[in-house]
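Let me begin by presenting the structure, written as structure tokens, before commenting on it.
Computed from heavy atoms alone, side chains included, the values below leave out hydrogens, waters and symmetry copies.
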Amino acid sequence: MDTSNCLNFLGFLLRIFVLLSSICGLSVGSELSFVTCGSVIKLLNVKHNVRLHSHDVRYGSGSGQQSVTGVSAVEDSNSYWSIRGTSGASCTRGTPVKCGQTIRLTHVNTGRNLHSHYFASPLSSNQEVSAFGEEGEGDHLDEWTVQCSGSVWKREESVRFRHKSTDGLLSVTGEQYGRPIHGQMEVHAMSNPSQHSLWKVMEGVFMKPSESPAGGRDFAHTHTEF
């Protein structure tokens with residue numbers, strides 16, 4: 001399945017999940033203690049209690065690319081991101097994401113990747129973070145390294161995301177936008193680690209490694225748990 005079809009399928013599954021959640025009060029989770037490639041997740045900034053978010057609203061300054069913000073709403077489907085590999089390194093669905101691994105985070109509803117560069121952010125004049133690309137394909141500025149303790153990214157731990165090309169850390173420091181995205185917080189990148197750059201996995205659809213017919217682990221098989 002090519003990238004475009006894969007993202008469309010993920011979006012379809014996500015819409016079903018959101019509908020069922022609103023009707024039945026479902027809480028999607030997994031017994032897995034670690035985060036896996038191919039999972040669709042929401043990320044919470046621990047300091048400011050907002051979820052990483054995007055939408056088809058472009059910045060009025062800087063790059064003019066699709067804006068990335070932090071929102072307090074739990075239910076918003078525009079806060080889902082898919083964990084994917086980079087152009088140079090695959091991320092097979094169901095495999096644990098390793099500490100120090102470089103990934104892409106693709107916004108499910110628009111198909112654009114979490115991105116950064118040396119444009120100034122609109123409110124704080126820190127390093128701008130945007131969403132870039134089409135149907136999951138952008139460029140090398142979409143790559144982020146997961147910083148965590150131990151060998152793999154554990155679901156219960158707070159982690160940081162360091163932009164591979166600029167060394168900036170994905171951060172929120174509390175600046176709020178006015179119209180047309182009133183109340184949403186600016187997301188940007190900063191060079192120094194702090195409480196503002198800690199993120200934790202919250203809601204999501206987690207891809208599970210399965211047992212192969214031979215009894216070994218078959219990480220290529222996709223399993224979505226509800």
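Contact of the R155 side chain with the F206 side chain is registered, since non-hydrogen atoms from C-beta on lie closer than 4.5 Å. Annotation: side chain of L52 is in contact with side chain of L170 (closest heavy-atom distance under 4.5 Å). Considering only heavy atoms from C-beta on, L114 comes within 4.5 Å of W144 through its side chain. With contacts defined as side-chain heavy-atom distances shorter than 4.5 Å, the pair K154/S33 does not qualify.
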Subject >> Test log, rule side chain to side chain donor-acceptor pair (under 3.5 Å), inputs Q127 and S116 >> reply: CA-CA 7 Å; Q127 184 175 308; S116 193; 2.8 Å; yes
**OP:** Check the pair H55, S67 against side chain to side chain donor-acceptor pair (under 3.5 Å), reporting the backbone distance first and the verdict last.
**Re:** CA-CA 7 Å; H55 36 229; S67 57; 2.9 Å; yes
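Distance alone, capped at 3.5 Å, is enough to place a donor-acceptor pair between the R112 side chain and the G133 backbone. With R162 contributing its side chain and D167 its backbone, the two residues share a donor-acceptor pair below 3.5 Å. Remark: the backbone N or O of G85 is paired with a side-chain donor or acceptor of R104 at under 3.5 angstrom. Between the side chain of D139 and the main chain of L141, a donor-acceptor pair closer than 3.5 Å is present. A donor-acceptor pair is defined here as one N or O able to donate and one able to accept, closer than 3.5 Å; no such pair exists between the side chain of N126 and the backbone of A189. When atom types are taken as modelled, the side chain of R51 and the backbone of Y80 share no donor-acceptor pair closer than 3.5 angstrom. Checking side-chain atoms of H107 against main-chain N and O of S54 turns up a donor-acceptor pair under 3.5 Å. Looking only at distances, no side-chain donor or acceptor of S39 sits under 3.5 Å from a matching main-chain atom of I41. A distance-only check finds no donor-acceptor pair linking the side chain of T36 to the backbone of P96 [under 3.5 Å].
Relative ring orientation between H48 and H196 is described as parallel, the plane-to-plane angle staying below 30° on a 0-90° scale split at 30° and 60°.
With rounding to the nearest 0.5 Å, the separation of OG1 in T92 from CE in M207 is 13.0 Å. Here NZ of K200 is found 12.0 Å from CG of L43. Values are rounded to the nearest 0.5 Å. Rounded to the nearest 0.5 angstrom, E143 CD and T86 OG1 are separated by 4.5 Å. Taking CD from E128 and CG from L123, the interatomic distance works out to 11.0 Å, rounded to the nearest 0.5 Å. Rounding to the nearest 0.5 Å gives a distance of 12.0 Å between NZ of K47 and CG of N49. Taken from NZ in K164 to NE2 in H140, the straight-line distance is 9.5 Å, to the nearest 0.5 Å.
For the residue pair H53/S79, the side-chain donor-acceptor check at 3.5 Å is satisfied. In this structure, a donor-acceptor pair under 3.5 Å is present between the side chains of E175 and T173.
In this view, S125 satisfies the side-chain hydrogen bond (donor to acceptor under 3.5 Å, both in side chains) rule with no residue, not counting sequence neighbours.
Paired with Q176 under the rule side-chain contact (heavy atoms from CB on, under 4.5 Å), one option of Q184, H182, E186, M185 passes, and it is M185. Each of V159, L169, V172 was evaluated against S197; a single residue qualifies, L169, per the side-chain contact (heavy atoms from CB on, under 4.5 Å) test.
Residues V68 and W199 share a single hydrophobic cluster, defined by chaining ILVMFWY side chains whose heavy atoms lie under 4.5 Å apart. In the hydrophobic clustering of ILVMFWY residues, with side-chain heavy atoms under 4.5 Å counting as a link, V146 and W81 come out together. Clustering ILVMFWY residues whenever any of their side-chain heavy atoms sit less than 4.5 angstrom apart, transitively, puts L105 in the very cluster that holds V97.
Shown here is K42, whose NZ atom has more than 12 heavy atoms of other residues, nucleotides or ligands within 6.0 Å.
Taking a 4.5 Å side-chain heavy-atom cut-off between Ile, Leu, Val, Met, Phe, Trp and Tyr, the cluster of V46 extends to L198.
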